[in-house]
There are 2 protein chains.
Amino acid sequence: MAPTQTGSARVRVAVPSVAERVAEELRYQLAEGMLLPGARLTEATIAEDLGVSRNTVREAFAELASERLVVRQPNRGVFVATLEAGDIHDLYTVRRAIEVSSIRGGGSAERVAAVRAAVDEGKRAAAADDNDALGSANQHFHGAIVALAESKRLDTIMRHVLAEMRLYFHKATSDAHFYSAWLEENEAICAALEAGELERAGELLLGYLNRSEEQQLTVHGE
Amino acid sequence: MAPTQTGSARVRVAVPSVAERVAEELRYQLAEGMLLPGARLTEATIAEDLGVSRNTVREAFAELASERLVVRQPNRGVFVATLEAGDIHDLYTVRRAIEVSSIRGGGSAERVAAVRAAVDEGKRAAAADDNDALGSANQHFHGAIVALAESKRLDTIMRHVLAEMRLYFHKATSDAHFYSAWLEENEAICAALEAGELERAGELLLGYLNRSEEQQLTVHGE
DNA sequence: ATCGAAGAATCGTTGAACAATTCGACAATG
DNA sequence: CATTGTCGAATTGTTCAACGATTCTTCGAT
């Protein structure tokens with residue numbers, strides 16, 4: 001069927017393991033708000049629901065715990081992570097570190113184009129008045145900024161941070177006017193990036209993150 | 001015995017689970033060079049060696065894999081992570097992001113004192129001509145810099161990065177004169193930090209990281 | 001020397017089992 | 001009434017044995 005491996009590195013087809021599919025499913029439910037912070041995840045129940053063995057569920061839990069989406073309490077069980085004092089600040093501290101650093105380093109034309117694409121995606125979502133899509137676009141925007149650095153490790157860190165934020169800030173800011181403000185900021189940041197004014201882009205981004213943190217801090221009980 | 005819970009949050013005694021102790025043991029062996037990059041870790045063997053079940057070993061592997069210390073190859077097994085093209089640059093990209101960001105934010109007097117303590121630790125190790133201790137001191141120094149930010153998440157990221165570096169650069173630079181150069185730089189960085197010249201401290205640190213990356217790139221085959 | 005097929009080794013996953021721990025209810029005590 | 005102690009149910013942590021699937025190795029045939 002397939003011609004004999006021409007050139008491209010042999011790619012393992014790598015069907016995701018059952019444990020990974022379980023983790024993926026749970027990640028999905030966490031992002032969609034089907035599993036809310038504090039909820040208990042009983043091994044046996046989930047194993048039965050998903051038709052897998054308890055051990056497999058445990059492996060999935062280990063993965064999610066390493067991403068801070070769930071918390072293991074010894075001998076008590078696994079719970080969906082809850083927002084504790086300082087967590088918001090903590091998350092934004094990570095974002096400031098890696099996003100600002102990434103944008104200050106600039107990036108290839110393709111990567112910059114990806115940032116621009118995310119901005120446009122946001123504009124289209126705004127035009128369509130699709131709040132959900134707007135939220136996604138915003139995450140794509142910030143993901144694209146980190147992607148400028150072309151660092152596997154920073155990318156996964158950012159992926160984890162964004163997953164946490166989806167969990168905590170789930171539908172928190174369904175207020176439309178928040179997003180429109182973001183849009184303008186994103187546009188400005190992107191423009192500075194495209195113009196090669198990296199220092200300024202970094203400042204703008206930093207300002208955005210600080211304001212965003214402030215906002216989340218007031219929305220959630222300090 | 002203990003007075004009735006005065007103030008401090010209730011702390012779970014939390015005996016580390018068997019899986020965590022296995023992970024800890026493996027982490028130790030990885031840091032000490034008993035397990036070299038590329039080595040295969042057979043589940044059954046390790047389970048028998050440590051007197052635990054195969055499933056427990058698997059849980060430990062999941063943890064180590066999330067820290068990038070080992071790599072899982074589906075249906076083939078777990079191998080100690082090997083340095084691939086771009087990994088050195090990648091690691092330093094993460095370090096630049098979080099270390100520079102942390103030092104630019106300054107920190108409490110205690111945290112700054114901890115940085116100073118790490119510098120002194122390095123000086124003592126140098127005086128004692130203890131190369132091993134010198135390496136540790138250097139890691140403590142950079143860990144203390146990240147700790148300035150008082151961010152759980154940045155701390156664990158840094159812990160993982162340093163663990164990776166211990167794995168890869170194990171005894172690579174046992175050349176003593178490398179370390180003495182570090183010492184002076186660390187002193188200068190710490191001095192700037194103590195003087196509140198955060199911008200300059202950040203520049204110094206950035207310069208150090210760039211040079212250090214350069215060095216590692218030449219030592220290891222580009 | 002190349003190729004392919006049989007056999008061994010190892011992984012992925014399941015299912016069952018059991019001790020240890022936690023939790024909830026309920027009774028006993030002061 | 002609040003505290004303490006006890007019992008039983010539920011759940012976790014861990015082990016063990018099993019089996020199909022995949023990979024590695026060996027070895028013989030071409």
Side-chain angles (χ1 to χ4, degrees), chain A residues 1-5 9-27 35-36 38-66 68-82, chain B residues 1-6 9-27 35 38-66 68-82:
Chain A
M1 290 295 145
T4 54
Q5 288 297 353
R10 201 174 335 136
V11 173
R12 294 238 165 264
V13 187
V15 171
S17 73
V18 175
E20 286 195 72
R21 271 176 295 165
V22 170
E24 192 51 48
E25 171 63 22
L26 292 175
R27 251 185 236 110
L35 295 173
L36 296 177
R40 179 175 195 166
L41 302 181
T42 305
E43 295 180 357
T45 305
I46 293 185
E48 191 164 15
D49 285 0
L50 301 182
V52 301
S53 94
R54 202 154 71 86
N55 289 29
T56 301
V57 172
R58 279 185 133 253
E59 284 201 41
F61 280 172
E63 193 164 331
L64 297 178
S66 83
R68 292 182 184 273
L69 295 180
V70 304
V71 173
R72 261 200 150 119
Q73 298 193 4
N75 279 313
R76 292 187 17 96
V78 171
F79 300 81
V80 178
T82 60
Chain B
M1 293 295 147
T4 55
Q5 287 296 350
T6 54
R10 201 174 336 137
V11 174
R12 292 237 165 266
V13 187
V15 172
S17 74
V18 176
E20 285 194 73
R21 270 175 295 165
V22 170
E24 192 51 49
E25 171 63 23
L26 292 176
R27 250 184 237 111
L35 295 173
R40 178 174 198 170
L41 302 181
T42 305
E43 295 180 357
T45 306
I46 293 186
E48 192 165 14
D49 286 0
L50 301 183
V52 300
S53 93
R54 202 153 72 85
N55 289 33
T56 301
V57 172
R58 278 184 134 253
E59 284 201 41
F61 281 171
E63 192 164 333
L64 296 177
S66 82
R68 292 180 183 275
L69 295 180
V70 304
V71 173
R72 260 199 150 120
Q73 298 194 4
N75 279 314
R76 293 187 18 100
V78 171
F79 299 82
V80 178
T82 61

message: I want to confirm an ordering. Mapping B:Val78 and A:Val52 to their closest nucleotides on DNA chain C, which one lands closer to the 5' end?
response: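 Going by which nucleotide is closer to the 5' end, it is B:Val78.
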message: Would the base of C:dG12 count as contacting B:Arg72 through its side chain, where contact means a donor and an acceptor less than 3.5 Å apart?
response: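 Between C:dG12 and B:Arg72, which were checked side chain against base, a qualifying N/O pair under 3.5 Å is absent.
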query: Taking atom types as they are modelled, is there a donor-acceptor pair under 3.5 Å from the base of D:dT14 to the side chain of B:Arg54?
result: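 Per atom types, no contact qualifies.
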Give the rounded distance in Å between these two atoms: [atom1] of [X] and [atom2] of [N].
X	N	atom1	atom2	result
B:Asn55	D:dA18	CG	P	15 Å
B:Leu50	D:dT15	CG	C1'	15 Å
A:Glu43	D:dA10	CD	P	16 Å
B:Arg21	D:dG13	CZ	C1'	11 Å

Do any side-chain atoms of residues 39-51 of chain B form donor-acceptor pairs under 3.5 angstrom with protein atoms, and if so which ones, sequence neighbours left out?
unit_1: B:Arg40; atom_1: NH2; unit_2: B:Arg76; atom_2: O; d: 2.6
unit_1: B:Glu43; atom_1: OE1; unit_2: B:Arg54; atom_2: NH1; d: 2.7
unit_1: B:Glu43; atom_1: OE2; unit_2: B:Arg58; atom_2: NE; d: 3.1

With heavy-atom distances below 4.5 Å as the criterion, would you say the side chains of [X] and [Y] are in contact?
X	Y	result
A:Val22	A:Phe61	no
A:Val80	A:Leu36	no
A:Val78	A:Val71	no

task: Mind listing the residues from residues 56-66 of chain A sitting with a heavy atom below 4.0 Å of DNA chain D? Number order is fine.
output: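 The stretch gives A:Arg58 as the residues lying under 4.0 Å from the strand, ordered by number.
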- request: Please figure out whether B:Arg40 or A:Gly77 has its closest DNA chain D nucleotide nearer the 5' end.
  value: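 Residue closer to the 5' terminus by nearest nucleotide: A:Gly77.
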message: Within this structure, what is the CG-OG distance for the pair A:Asn75 and B:Ser17, rounded to the nearest 0.5 Å?
response: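 Here the rounded value is 9.5 Å.
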message: Please pick, from C:dT13, C:dT21, D:dT15, the nucleotide with the shortest atom-to-atom distance to any side-chain atom of A:Asn75.
response: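 The answer is C:dT21.
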- request: State plainly whether the residues B:Glu24 and B:Arg21 are in salt-bridge range, i.e. N to O under 4.0 Å.
  value: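 Looking at B:Glu24 and B:Arg21, the cut-off is not met.
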